[in-house]
Asker: 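Mind having a look at this structure? Questions to follow.
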Amino acid sequence: MAHEDLKAHLEFFGELGVDGVRLEPDWRVRPGAAAAPADAPAPAQPAQVFRSAAGAVAAIREDLGDCTRCKLHGLGRRQIVFGVGNPDADLMFVGEAPGADEDIQGEPFVGRAGQLLTKIIEAIGLRREDVYIANVIKCRPPNNRNPEPDEVEQCEQFLFRQIDTIRPKVIVALGKFAAQSLLRTTDPITRLRGREYRYRDAILIPTYHPAYLLRTPSAKREVWEDMKRVRAILRGG
Ligand code: URA
């Protein structure tokens, strides 16, 4: 890492309230993560048998197609933003919906909030490509308005299928909308965060949205607390 990059990285750690850095990557090792033997039976799926999570995720993308299920397809979306990352990830992040940058690039969390999310991922010793990142809604709502209930109703089945295929140990719900939508609650994010929820075979940890952190840097400390808990769960704690 170049000197300037390292300096920026350490400054960010400082901002997050991190008082030390562990260099050893041992916690990244996933128990039982060794590849299955070539002759291992593939897990049964309702309709098709997939040899890999990557194949199963690709099939979900194929089923989504050039989606016109909700009105967002006619409200200026440039492209569907399906999700990105490791289909075998232990850690999954779920946001709200694509913004302008994501709509252009076709990838979730690539704008300013996304760059902060990448730093948050790196702060717990992972790389962006180690995790899986998706949104509740796959198309950009006009003027970044909140997704509407009929849009969520049409779209969330694809997120559920992504979760059930990737089978992460931990899901981090980024912000009020994702947390409320997944947990089927109207409780405020201030009440939801700081706790853990069982969710579709995973542990769900709600935290503040990175866009909120850009406006309210003091909340980074709480996000760091949440991310330390994520790291501990991934390590088996
Ligand atoms: N905000 C989100 O919730 N998701 C994105 O992909 C980008 C910004």
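Numbering of ligands and ligand atoms starts at 1, following listing order. Values in this document were obtained by computation on a predicted structure and should not be read as measured data.
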Asker: Name the closest protein heavy atom to atom 8 (C) of ligand 1, giving the residue it belongs to and the distance to 0.1 Å.
Answerer: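 Residue, atom and distance for the closest contact: F109 CE2, 3.8 Å.
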Asker: Does CZ belonging to R112 count more than 12 external heavy atoms closer than 6.0 Å?
Answerer: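 12 or below, so no.
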Asker: What atoms of ligand 1 come within less than 4.0 Å of a heavy atom belonging to G95?
Answerer: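 Within the 4.0 Å cut-off of G95, ligand 1 contributes 3 (O).
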Asker: For atom 3 (O) of ligand 1, find the nearest protein heavy atom and state the residue, atom name and distance (0.1 Å precision).
Answerer: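 Ranked first by proximity to atom 3 (O) of ligand 1 is E96 N, 2.8 Å.
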Asker: Does ligand 1 have an atom that lies less than 4.0 angstrom from a heavy atom of H209?
Answerer: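 Judged by the 4.0 Å heavy-atom criterion, H209 does count as contacting ligand 1.
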Asker: Only heavy atoms of P108, strictly under 4.0 Å: list the atoms of ligand 1 that pass.
Answerer: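 It comes down to these atoms of ligand 1: 6 (O).
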Asker: Compare A97, A113, P147 and give the one whose heavy atom is closest to atom 5 (C) of ligand 1.
Answerer: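 Ranked by closest heavy atom to atom 5 (C) of ligand 1, first place is A97.
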Asker: Can you pull out the closest protein heavy atom to atom 4 (N) of ligand 1? Residue, atom name and distance to 0.1 Å, please.
Answerer: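 Going by distance alone, atom 4 (N) of ligand 1 is nearest to N135 OD1, 2.8 Å.
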Asker: Just by distance, with hydrogens left out, do T118 and R128 show a side-chain donor and acceptor under 3.5 Å apart?
Answerer: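 Judged by distance alone, the side chains do pair up.
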Asker: Taking atom CD as the centre, does E153 end up with more than 12 heavy-atom neighbours from other residues, nucleotides or ligands that are less than 6.0 angstrom away?
Answerer: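 Open: at most 12 neighbouring heavy atoms sit under 6.0 Å from CD of E153.
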Asker: Report, as yes or no, whether the 6.0 Å neighbourhood of atom CZ on R167 holds more than 12 heavy atoms from other residues, nucleotides or ligands.
Answerer: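 12 or below, so no.
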Asker: Is G114 close enough to touch ligand 1? Criterion: a residue heavy atom under 4.0 Å from a ligand atom.
Answerer: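 In this structure, G114 fails to qualify as a contact of ligand 1 - no heavy atom is under 4.0 Å.
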Asker: Are any of the N or O atoms of P98 closer than 3.5 Å to those of ligand 1?
Answerer: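 In this structure, P98 places no N or O atom under 3.5 Å from an N or O of ligand 1.
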Asker: Under a 4.0 Å N-O cut-off, is there an ion pair linking E151 with R145?
Answerer: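 Counted as a salt bridge, because a side-chain N and a carboxylate O are separated by less than 4.0 Å.
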Asker: Taking only Lys NZ, Arg NE, NH1 and NH2, and the carboxylate oxygens of Asp or Glu, determine whether R140 and E102 approach each other closer than 4.0 Å.
Answerer: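 Result for this pair is no, no salt bridge flagged.
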Asker: Transitively linked via ILVMFWY side-chain contacts under 4.5 Å: I104 with V110?
Answerer: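 They do not share one cluster, since no chain of ILVMFWY contacts under 4.5 Å joins I104 to V110.
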